[in-house]
2 protein chains.
Amino acid sequence: MPTQVGSQAVDRASALLALIVESDRPRSFTSLVDELGLAKSTTSRLLQALERSRLVQRDQSGSFRPGALFSIYAARPSALHDLAELARPTLTRIGELSEETVNLSVPRGNEVVQIAQIDSRYLLGSTDWVGVDVPATCTALGKVLYAWGALPLPRGSLERRTAHSPADRAELDRVLSEVRRRGWAVSLDELEVGLGAVAAPVRSVDGSVVAAVSVSGPTTRVNGHGITRLAELLVSETRGLSAQLGHHQGREGVA
Amino acid sequence: MPTQVGSQAVDRASALLALIVESDRPRSFTSLVDELGLAKSTTSRLLQALERSRLVQRDQSGSFRPGALFSIYAARPSALHDLAELARPTLTRIGELSEETVNLSVPRGNEVVQIAQIDSRYLLGSTDWVGVDVPATCTALGKVLYAWGALPLPRGSLERRTAHSPADRAELDRVLSEVRRRGWAVSLDELEVGLGAVAAPVRSVDGSVVAAVSVSGPTTRVNGHGITRLAELLVSETRGLSAQLGHHQGREGVA
DNA sequence: GAAAGAGTTCCATGATATGGGACCTGTGTT
DNA sequence: AACACAGGTCCCATATCATGGAACTCTTTC
């Protein structure tokens with residue numbers, strides 16, 4: 001099972017590029033040589049080619065970072081949608097296994113933005129469904145994003161929707177540290193009586209939380225034992241998704 | 001001046017990739033073949049290699065889009081900083097030519113976030129300086145982002161800081177359409193008496209405005225004739241920056 | 001049902017990537 | 001100062017690997 005027939009040079013260059021993109025800090029020439037085991041001369045030539053095409057660039061110290069083409073891509077308004085595309089298989093799987101509604105959200109400013117939803121296994125349309133101004137402290141997704149600092153904590157008093165919504169800052173802090181401890185968040189009757197949700201974090205290379213995935217449904221189904229089952233499903237699936245984003249277990253970030 | 005000595009295959013693959021990343025929408029196999037003039041077989045092989053490495057992916061219809069590695073990169077919290085890195089030469093040049101403070105901002109949520117600043121030609125530290133809760137309608141940067149829909153228009157009545165700040169929605173609308181007409185925005189004594197600024201938009205591949213660059217200083221220097229000079233400088237420099245992001249003149253987007 | 005279109009696979013050919021080693025350059029060591 | 005060493009680039013003969021034409025498959029169109 002050697003390299004597929006076809007394009008050795010391109011495969012090697014791509015491997016270099018992947019290494020550079022997936023690590024969270026610039027890579028030195030030597031570390032790349034060591035990791036891929038290629039000849040120095042070959043590595044040097046390939047990197048020069050990648051540099052010429054703006055796929056990598058060198059920082060002041062000569063280490064390699066993702067190049068301008070990546071910035072160009074990241075500046076596209078649609079870049080986040082493509083994250084949804086990447087997550088699609090995971091979301092679909094969660095939807096099939098749980099038979100509930102699944103959401104993928106990212107923080108934007110002080111708000112939680114939904115970028116994908118699976119509802120009885122159909123992925124919703126193309127436009128972002130911005131959270132209809134729901135108080136994020138009452139949602140499982142919001143709690144996850146708050147818990148790991150992906151979203152700035154709300155200032156002032158908390159907006160509540162039901163008697164179960166977190167009442168004040170002290171209660172919220174308690175809830176969030178519980179979320180961090182367990183690794184997932186839950187929201188029962190907090191946004192609306194009869195509505196329940198469980199959510200887990202998606203992490204990036206450097207361990208920071210960049211998104212959250214939730215499963216939600218009526219509390220007739222989302223309750224007691226069901227919650228544990230859903231949480232386990234979510235945690236294992238989001239762990240896989242995080243790995244796709246280059247996250248390595250055990251790098252849980254500082255926050 | 002044929003292809004540099006070294007790596008034909010990698011250069012060609014990179015050219016393909018650049019084409020895919022810099023275009024606004026998925027590219028069909030044939031359009032890529034036509035544009036680069038490579039043999040179908042070669043193109044096919046190279047694309048397969050890129051696909052294998054997650055640098056490109058096919059959508060349902062078989063067209064090519066940037067692959068998961070790009071999403072991985074875009075999900076990094078630092079992705080926007082890298083935009084600043086890309087813009088650095090441009091900002092520095094503006095700083096040297098204008099001898100005033102230069103800022104690069106992007107919209108995030110409902111706010112304007114500064115991601116780079118040049119002050120008497122020094123680039124500021126690493127942390128984002130979030131706009132200290134300044135009402136964006138009183139700033140040149142804010143006006144640019146509002147004018148082309150990069151930032152959702154504020155709801156309710158406008159916060160004012162001086163007698164020159166836009167007073168109401170009607171005035172703001174008038175100002176914004178003027179901004180669109182001219183291609184740049186100005187703010188004089190609107191945020192603080194004695195403070196003046198000029199700003200111009202940075203556009204992405206699809207023509208949408210993704211960022212803004214401003215020059216600001218005391219109205220003793222930023223005034224009358226000086227403003228026109230600064231605006232011309234800004235417009236020509238941001239046009240160059242937009243081109244680096246893949247924007248082509250004449251695609252000014254729909255908004 | 002034929003024909004055009006889109007894309008992949010095959011294969012002989014030689015152009016092109018390869019890696020060893022020379023070479024350069026900057027940095028710390030005696 | 002002279003020296004050693006690591007990090008990196010350049011050069012070049014070799015043969016491996018990419019190349020493009022053509023054959024082939026699958027799908028869409030008329």
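Below, chains carry the letters A, B, ... as their sequence lines are ordered, and counting in each starts from 1. Heavy atoms only: backbone and side chains are in, while hydrogens, waters and symmetry mates are out.
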Scan the side chains in residues 232-240 of chain A for donor-acceptor partners under 3.5 Å anywhere in the protein, sequence neighbours excluded, and list what turns up.
from	atom 1	to	atom 2	distance (Å)
Glu237(A)	OE1	Arg93(A)	NH1	2.5
Glu237(A)	OE2	Arg93(A)	NH1	3.2
Thr238(A)	OG1	Leu234(A)	O	2.8
Thr238(A)	OG1	Val235(A)	O	3.2

Side-chain donor-acceptor contacts of residues 62-71 of chain B below 3.5 Å, not counting sequence neighbours, with atom names and distances?
from	atom 1	to	atom 2	distance (Å)
Arg65(B)	NH1	Asp82(A)	OD1	3.2
Arg65(B)	NH2	Gln57(B)	OE1	3.4

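The salt bridge (charged side-chain N to carboxylate O under 4.0 Å, His left out) test applied to Arg27(B) returns Glu35(B), not counting sequence neighbours. In this structure, the side chain to side chain contact (heavy atoms under 4.5 Å, CB included) partners of Ala79(B), at least two apart in sequence or on a different chain, are Ala74(A), Tyr73(B). The side chain to side chain contact (heavy atoms under 4.5 Å, CB included) test applied to Ser14(A) returns Val10(A), Leu50(B), Ser53(B), Leu55(B), not counting sequence neighbours. A search for side chain to side chain donor-acceptor pair (under 3.5 Å) contacts involving Arg54(A) returns Glu22(B), not counting sequence neighbours. Checked against side chain to side chain contact (heavy atoms under 4.5 Å, CB included), Arg221(B) has the following partners two or more places apart in sequence or in another chain: Glu100(B), Pro218(B). Looking at residues two or more places apart in sequence or on another chain, you find a side chain to side chain contact (heavy atoms under 4.5 Å, CB included) between Ala199(A) and Ala140(A), Leu141(A), Val144(A), Ser214(A).
Residues Phe64(A) and Ala9(A) each lie close to DNA chain D; by heavy-atom proximity, the contact nearer the 5' end of the strand is made by Phe64(A).
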### Query
Under the side-chain contact (heavy atoms from CB on, under 4.5 Å) criterion, do Leu91(B) and Val213(B) qualify, and how do the steps go?
CA-CA 8 Å; Leu91(B) 302 183; Val213(B) 178; 3.9 Å; yes
### Message
Working note: Val215(A) + Val222(A), criterion side-chain contact (heavy atoms from CB on, under 4.5 Å); need CA distance, chi angles, decisive distance, verdict.
### Response
CA-CA 9 Å; Val215(A) 168; Val222(A) 178; 5.6 Å; no
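The nearest whole Å value for the distance from the CG atom in Asp11(B) to the C1' atom in dC17(D) is 16 Å. One can place CZ of Arg52(A) at 13 Å from C1' of dT9(D), the figure rounded to the nearest angstrom. In this structure, CZ of Arg58(B) is placed 11 Å from C1' of dA6(C), rounded to the nearest angstrom. The distance from atom CG of Leu46(A) to atom P of dT16(C) is 16 Å, rounded to the nearest whole Å.
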### Query
Could you write nucleotides 25-30 of chain D as a row of B, S and -, 5' to 3', where a protein heavy atom under 4.0 Å of any base atom gives B, of only sugar-phosphate atoms gives S, and otherwise -?
------
### Query
Taking protein heavy atoms under 4.0 Å as touching, what does nucleotides 19-29 of chain C look like 5' to 3' if B marks base contact, S marks sugar-phosphate-only contact and - marks none?
BBB--------
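Remark: side-chain polar atoms of Arg76(B) are paired, donor with acceptor, to backbone N or O of Val21(A) under 3.5 angstrom.
Rounded to 10 degrees, the angle separating the terminal axes of the helix from dG1(C)-dC30(D) to dT30(C)-dA1(D) is 40°, with each axis obtained from five end pairs.
Of all heavy-atom pairs between Trp148(B) and Arg203(B), the closest is NE1-NH2, 3.3 Å.
The phosphate of dG8(D) (OP1 or OP2) has no side-chain N or O of Gln48(A) nearer than 4.0 angstrom.
Of all the residues in residues 25-35 of chain A, not one reaches under 4.0 Å from DNA chain C with any non-hydrogen atom.
Rounding to the nearest 0.5 Å gives a distance of 11.0 Å between CG of Leu230(A) and CD of Glu99(A).
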